[in-house]
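Everything on this sheet refers to the single structure shown next.
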Amino acid sequence: MKALKVSILSLLILLTASSAFAGSWGAGVALFDGDYFGIHGRKTWELGGDISQITTGATIFFDPEFLTLDVDYHFVINPENPSRFYPLVGLQLATDFDWTEFGVNAGGGVDFKLTQTLDAFFELKYVISDFDGFNFALGVKF
């Protein structure tokens, strides 16, 4: 258990240190399986163009309290449009530090251009694991 806590803490430090790299940050709210409400943060890196992205995210859910860490690949279908649609696939780690579940993400989302530097996002994905369910996120990227 201690190794898991150290690994998660190391990942969070790495994500924080990654702010020196190009990409956008985001924040919002999340709802897991219609029952669990949380706050969501993300970092997106564009991979050599407008159509290929990696997004890392962390969500803290309340009542019961648990943490999810995600790494998803987004393939943007229409990069020139102000409403950019993308399918996604990825991995998730969910834990409350007493239990841990690994899962696979599959879903999609859309980014809406609000201003030159601000986007809104909406994302829906299904997490396939022993702790499976739908994850909905809504927020802004800056």
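- Between the CH2 atom in Trp45 and the OG1 atom in Thr56 there is a gap of 3.5 Å [rounded to 0.5 Å].
- Side-chain contact check for Leu88 versus Asn105: some heavy-atom pair is nearer than 4.5 Å.
- A distance of 5.0 Å separates CD of Gln92 from OG1 of Thr68, quoted to the nearest 0.5 Å.
- In this structure, CG in Leu93 is found 7.5 Å from CG in Leu67, a value given to the nearest 0.5 Å.
- Atom NE2 of His40 and atom CG of Leu31 lie 13.0 Å apart (nearest 0.5 Å).
- When the shell of 6.0 Å around CG of Asp35 is examined, it contains more than 12 heavy atoms from other residues, nucleotides or ligands.
- In this structure, Tyr86 OH and Asp72 CG are separated by 8.5 Å, a value rounded to the nearest 0.5 Å.
- Counting only distance, with no hydrogens or angles, the side chain of Asp50 and the backbone of Glu80 share no donor-acceptor pair below 3.5 Å.
- Scanning all heavy atoms of the two residues, the minimum distance from Ser129 to Gly103 falls at CB-CA, 3.6 Å.
- The minimum heavy-atom distance linking Leu47 with Tyr73 is given by the pair CD1-CE1, 4.3 Å.
- In terms of heavy-atom proximity, Tyr36 sits nearest to Asp63 at CD2-O, 4.1 Å.
- Between Ser83 and Asn78 the shortest heavy-atom distance is O-ND2, 2.9 Å.
- With a 4.5 Å cut-off on side-chain heavy atoms, Val104 and Val89 do not count as touching.
- In this pair, Phe66 and Phe61 present their aromatic rings parallel. The plane angle is below 30°, not in the 30 to 60° band.
- Partners of Thr115 under the side-chain contact (heavy atoms from CB on, under 4.5 Å) rule, at least two apart in sequence or in another chain, are Thr117, Leu118.
- Take Ala120 and apply the side-chain contact (heavy atoms from CB on, under 4.5 Å) test, not counting sequence neighbours, and it matches Phe112, Leu114.
- Two residues are said to be in side-chain contact when any heavy atoms from C-beta on lie closer than 4.5 Å; Ile39 and Phe62 meet this criterion.
- Looking at Glu46, Glu123, Arg84 one by one, the single match for side chain to side chain contact (heavy atoms under 4.5 Å, CB included) with His74 turns out to be Glu123.
- Placement of Val29 and Phe121 in two distinct hydrophobic clusters is found when ILVMFWY residues are connected by side-chain heavy-atom separations under 4.5 Å, directly or transitively.
- The shortest side-chain heavy-atom distance between Asp70 and Lys125 falls under the 4.5 Å cut-off.
- Interatomic distance, Arg42 CZ to Thr59 OG1, rounded to the nearest 0.5 Å: 8.5 Å.
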Which atom pairs, one a donor and one an acceptor, fall under 3.5 Å between side chains of residues 130-142 and the rest of the protein, sequence neighbours left out?
from   : atom 1 : to     : atom 2 : distance (Å)
Asp132 : OD2    : Tyr126 : OH     : 3.0
Lys141 : NZ     : Asp111 : OD2    : 2.9

